[in-house]
Every structure is written in structure tokens, then in C-alpha cells.
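Computed from a predicted model, the values in this text were never measured in an experiment. For the numbers below, each heavy atom of this structure counts, side chains included, while hydrogens, waters and symmetry mates do not.
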There are 2 protein chains.
Amino acid sequence: MHDDIGTWDDDAIDLVREIRESLAALANDADLTCTLMQGCGSMGVECVIGSVVPRDGGKLLILNNGAYGVRMRRSCEAMGVPFVEMLDSEEEAHSPARVEEMLAADPAITHVAAVHCETTTGLVNPIREIGLAVGRQKRRYIVDAISSFGAYSTGQGGVIDFSAGPIDHLIGSSNKCVEGVPGFSFIISRREVMEECAGNARSYAMDLHDQWKGFERHGKFRFTPPTHVLMAFRQALREMHAQGGIPARERRYKENNDTLIAGMRTLGFEPLIPASIQSHIITTFLIPNPSFAFDPFYRGLRQRGYIIYPGKLTHRDTFRIGNIGSIDRSVIEGFLAAVKDFLK
Amino acid sequence: MHDDIGTWDDDAIDLVREIRESLAALANDADLTCTLMQGCGSMGVECVIGSVVPRDGGKLLILNNGAYGVRMRRSCEAMGVPFVEMLDSEEEAHSPARVEEMLAADPAITHVAAVHCETTTGLVNPIREIGLAVGRQKRRYIVDAISSFGAYSTGQGGVIDFSAGPIDHLIGSSNKCVEGVPGFSFIISRREVMEECAGNARSYAMDLHDQWKGFERHGKFRFTPPTHVLMAFRQALREMHAQGGIPARERRYKENNDTLIAGMRTLGFEPLIPASIQSHIITTFLIPNPSFAFDPFYRGLRQRGYIIYPGKLTHRDTFRIGNIGSIDRSVIEGFLAAVKDFLK
């Protein structure tokens, strides 16, 4: 991150090319194309929704079982994108059969958007099976994989399977499971659907098609990119490749998460979400009893070198622990020791 | 940039507070408030336009004499914000008297947006005098100062004078004259106008009011911020302060620019823009003769350690040289020696 490169120079063009190609390769399917978008993940999601749902006759079905589903709804409301919601409990994964019923019942729906890992709770939605339903009903499919891309298997038969779904646009972020730093999102799209959204966007700064065309034609961002963040991300991609790619990362995160949940259980903390839909990225734990206060717990762990997350549910007292990033089982064990020490 | 901090932690809250307060202090006027927005400068500009021009009865006058005026128009078109343009030649600054005439003739106009330094050419528009006209006509005033904030005097009687104008919203960027790295923009607003735009935005991810409320209430970004870029920016602000603030920076850039223009003249290159409206940020030079090719010139200078910019005009052959960043006269002299060496 210490080099300052010219955004119009060959160095930046090489940087952008390597990142776009590496991301498309990680997605592990032929004929994918990648667009980078400055800003945070929620900008990437809004960019896709605002760019691909047709102005004329488009309608989005939002699958909502958490805060990131709510964000999609708010983006639609602000941009005036017609939508309908399938609202599920925050503790329940979406049912692909119900998605298919909703699509069959409403032919006006043109696009479906789902969140893969809902970090509100840490649950994973069955995006592959939802995709099969969307495919049978011949609609377009958008997947918010911001928190999960890099940690779940891709390609034929994988969790993130572009051709089976088929996923038309998948949104990821620089600072999650690829282990870069925050500053941009990326959109991996099936090349054949990109031309559909020319001139359709509700934003100029976040126009997916225009941004993509800029990359395809000149290899450059249209507007100043966060070059230092891109440099860090390229390095993160190289390290990920050297470490064995997505399969190795998935194994490491699963081991982290298994160690975390087993260890927390022995300390008296139960996970909120059933194991069958629990992600290996972030876990919500129930506050064990009414006298247990989150704030001193947070401060006590922070003092010991660990930052955890507050809960995001309105109806239950919880907290969250993430286990992604450049950490392994020994770090989780150190964390568990810190919890134990605090509880003493 | 090497520290990884939690975006919800006290460290991030302190970081955001110091940056917001320092920026408002640099603007040197009472009762200003500052909003940070992830992404590039053009996102900051679109965020303001889309958030502050009322959905009901709003109309924006865009002062356009270059590529950044065009960007504002494109943002309006994409978002469906009603607008009218005052189009001037790329080589001419806007006339405040003509702005006032346009406002007097069209009472439907509610907001005026101007670009301070049009880096298409390097000219500066008279934003203070335009502001006085806007003030007399009682409209709201938006200034794109992305490339200039930090390099022009602020406060009473200064070039950037919030109360005289009055400027309602000014957009700046992390990677220009404050000398940080790219990754976010900032919007300095008069506090009293912020409440006006509640619930008005055409975007959720780039909703100025919602983002501001998040800072005011919790001291935090609503969505993941580019923490490493923010850390670099805080350091840049501290260095700027230690170096004598905006007045010292203005002097250094002016000296850089004077040295550049005088030196280039002796080497046979004439600036495009008259001295009276030439910024001290970036300068457009005319290609001296039809046999002079830009590409070998660019490559030759790059080889010698200097990156310049291509021209951005359609009707004249030009190139551009910026003189901002952590450089002084000795760097400009080194650059001039490199040009001389190349020409030989």
C-alpha cells in the first residue's frame, strides 16, 4: 500500500487487469466478466440493482431475512425500482420452493436478489437451490456474496455455481474473505447479460454497464480508483492463490468456526442459528442470562486484544464473533482463552 | 495504513471525529458540519446532487465548462433530477453576472452547482463571486472543490468563503490537496441546510442526510468505511496542520506552478489558459507543433520518473501537468530538467 501509482498509467492498467482476471478465475466458470466499483459493498449492491433491473417493466423480488435484505429494499425505495419482498424470519433460511411459487404466481418479476451469508445472524441462504428455481422460472438472478465470496466453493456443483443457478451478477467486497482492505466492491457477471443494462442505470457514478465498458475498452476505472486498496487486494489475491485458493480458505474458516462454536459452548454460550444453516464466517451467540452485560464483555475482550461485534437482532439479546481474515485455529484458541479469563 | 482497526470500535470513532472536525476547521467558518462518503469524488458530487435538490419542485442550474460539469449533468440525467445548464467554453471562466441573469429569469431554479477548479483545463471559476450572485438570488449553492480544497484560502474574504457565498455544500476528496490517498470524498455543509434533505435522496447508499445522521448520532459510518485510507488521511491532515495549513500549502503550490509554467515556456510550451484564470493545481499546455507526438513524450518522462496527464480537450492537442502532492520547487526543477533532456 505504500506505492503511489498514476491512475492512468500502465501500472494501474496491469493492476486492474490482474484483479479482474483473478476474480473471474476464482468464480471458476467460463465467460464471466468482472467490474470493480469504488466504495463499500452496499454501493456495489445498489449499483447492480439500479443498473440491471429494467427501467421499463422491471420488477425485483428481494429475499429478505436480515439487515442486508433490508438494505436492498431501501435502495429500491430510494431509486424508485419496483420490487416485492419475500420476508422470512432472521433465524430461518429462505425456502427455494417458496421462491419458485412466488415467481410462478407473479410473471411481472424480472429479477431475484438474494443474500448468501446474512451476517445479521451468520446464516447462509441456499443460493444454489434458489438459483435453480430462478433458472426454471427464467428470471435473472443477483447474489449478494459480499461476506462469503472466497470462503465457499465455486464452479460446477459448488455453492457458488454460476452456470447451475444461473447467477447473473454476484457482488463481493475487497475486505472480506479475499482478505484485502476495505475500499471497493466487485461484481462478477455473466458476460452475455452485461449488454442488457446499457443506458439503464439510475446513477451515473454507480452505472455498472458504463463502468464495465470503461474496463473493457481502456482497462481503466472511469473515475479515480483507490489505488492503494487495489494494490493491497492484488497482494491478497496472490497470497490466497499461494495458500491453495478457495478450497484451502474454506477449510481454514470452517476449522476456525468449528473451534469457536465448540469452545464457546463449553464456556456456556449457545449459537443462535442451527448448525445446518450456520455459516463458517460469523456466528451469533445468545447472551446467556439477563445479568450478562455486553459492554463490559466487549471492553474486557478488547483489552485482551480481540474485537467482537454487537448483535444485530431487535428481538433477542445476542453478540457476534467473526472468524475470517488472516487468522487460524491458534488465534481462535487464544480468543477462547481470553473469554475464559474474562469470565473468571 | 498498516493498522487494521475495527470499524465499530472506539479507534474508528476517534478517527472519524478527528477527520470531520479538522475538515470543518479547515473550511474556517462557524457552524459547518462534515460528512464523509466512501468512494471517489464523483460519487460525492452525485451524492450531494441526488440528496439536496428537492424531489418536489427542485431544479438545478449546472455551470458547465468542462468534463466535471458534464459529469454533474450525467448524474442528473441518470437520477432524473430536473436541471438546466449554463454552458461555457472550456477555455473561459463562468461569468457571475450571467449566472445572476439566469437565476433572475428562471425562478424555478432552486440550486446552483459550480466546479471550482476545472481540471479538464486547469482553469478556476470565480466561485466566490458566483456565490454572491446565488446569495442575492436566494438559491442554494453547491461547489465541487474536489481538486482545489486545501489549496485555496478559506474563511472571510477567502476564495472559499462559506458565509459570503453562501456555499451550502462543498465537496472535496481524500486524494487531492490534503495529500491523502484515494478512497473517499467529504462534504462540508452548513449545518442549517442539512435537515432540509431528510428522506429526499435518490440513492440509499449515497444518501447525504442519512450518512450525516449516522455520524452525528453514533460517530460512525453507516456502511464499512475504508479504514486504511482514513488513517492515511488523518496523518495527512496532521502534516498539513504542522506545515502551516492552507496558507502554506497555497504558497507552495503557487511556487510549484509558477516554476512549472516559466520553465515550460523557456522550453517552448505555452499554457492554454490565461494567467488570470489559471489554477495553481494543474496546467494544460499546447502541443507545440503537429510533429510533436504525446506518446513518446509521456514514455520518455515516465522513464525519467515523472507521470504527466494527457489532454482532455476534444478540439485542441494538449497535455496536462499537475503540481500538487508532497512535492516542492526542487521536484518541479527536476521535472523541467527531464523535459529538457528528453527534447535533446
Side-chain angles (χ1 to χ4, degrees), chain A residues 1-2 4-11 37-47 50 71-80 146 173-176 181-184 199-207 210 221-229 232 298-299 302 307-310 325-326, chain B residues 1-2 4-11 37-47 50 71-80 146 173-176 181-184 199-207 210 221-229 232 298-299 302 307-310 325-326:
Chain A
M1 285 193 286
H2 279 176
D4 212 12
I5 63 170
T7 57
W8 282 78
D9 195 64
D10 289 351
D11 285 345
M37 184 60 64
Q38 300 97 328
C40 56
S42 295
M43 288 177 169
V45 173
E46 183 171 302
C47 152
R71 284 197 192 171
M72 293 203 266
R73 184 182 73 218
R74 294 212 172 130
S75 281
C76 284
E77 287 167 347
M79 293 187 291
I146 285 173
S173 150
S174 59
N175 59 296
K176 292 286 189 175
V181 305
F184 68 94
N200 187 62
R202 280 85 170 171
S203 162
Y204 174 56
M206 302 197 303
D207 182 330
D210 205 43
F221 278 82
R222 298 175 304 160
F223 312 139
T224 307
T227 47
H228 305 72
V229 173
Y298 179 89
R299 302 271 155 211
R302 185 183 193 276
I307 303 272
I308 66 168
Y309 270 71
S326 185
Chain B
M1 284 195 287
H2 278 175
D4 213 11
I5 63 170
T7 57
W8 283 78
D9 194 64
D10 289 351
D11 285 347
M37 184 59 67
Q38 299 96 327
C40 57
S42 294
M43 288 177 170
V45 172
E46 184 172 300
C47 153
R71 283 196 193 172
M72 293 203 265
R73 185 181 73 216
R74 295 213 172 130
S75 281
C76 284
E77 287 167 348
M79 294 187 290
I146 285 173
S173 149
S174 59
N175 59 297
K176 292 285 186 175
V181 306
F184 68 94
N200 187 63
R202 280 85 170 170
S203 162
Y204 174 55
M206 302 198 302
D207 182 330
D210 205 43
F221 279 82
R222 298 176 303 160
F223 311 139
T224 306
T227 47
H228 305 72
V229 174
Y298 179 89
R299 302 271 154 210
R302 184 182 193 279
I307 303 272
I308 67 169
Y309 270 71
S326 185

Based on non-hydrogen pairs under 4.5 Å, which of N200(A), D207(A), V181(A) is most in contact with chain B? V181(A)

Please identify, among G6(A), G80(A), S42(A), G183(A), the residue contributing the most non-hydrogen atom pairs under 4.5 Å to chain B. S42(A)

Is the shortest side-chain heavy-atom distance between D9(B) and Y298(A) below 4.5 Å? yes

Residue list, salt bridge (Lys or Arg N to Asp or Glu O under 4.0 Å) with R222(B), at least two apart or on another chain: D210(B)

Quick one: are E46(A) and Y204(B) in side-chain contact, heavy atoms under 4.5 Å? yes

Y309(B) versus chain A, the contacting section by heavy-atom distance below 4.5 Å: side chain

Interface moiety of V229(B) toward chain A, non-hydrogen atoms closer than 4.5 Å: side chain

Distance from S75(B) atom OG to R202(A) atom CZ, nearest 0.5 Å? 15.5 Å

Is there a side-chain contact between R302(B) and D11(A) in this structure, where contact means two heavy atoms from C-beta onward sitting under 4.5 Å apart? yes

Please name all residues satisfying salt bridge (Lys or Arg N to Asp or Glu O under 4.0 Å) with D4(B), sequence neighbours left out, ordered by chain then number. none

Taking the side chain as every heavy atom from C-beta outward, state whether R299(B) and D10(A) have any pair of such atoms under 4.5 Å apart. yes

So, taking the atom named CD1 in I307(B) and the one named CD1 in I5(A), what distance separates them when rounded to the nearest 0.5 Å? 9.0 Å

Under 4.5 Å, counting heavy-atom pairs only, tell me which of A232(A), G39(A), P182(A) racks up the most with chain B. P182(A)

Taking every heavy atom of M43(A) against every heavy atom of A205(B), the minimum-distance pair comes out as CG-CB, 3.8 Å

Quick one: SG on C40(A) to CE on M37(B), what's the gap to the nearest 0.5 Å? 8.5 Å

Is there side-chain contact between N175(A) and H228(B), with at least one heavy-atom pair below 4.5 Å? no

What residue in H2(A), M206(A), R71(A) has the most heavy-atom pairs under 4.5 Å with chain B? R71(A)

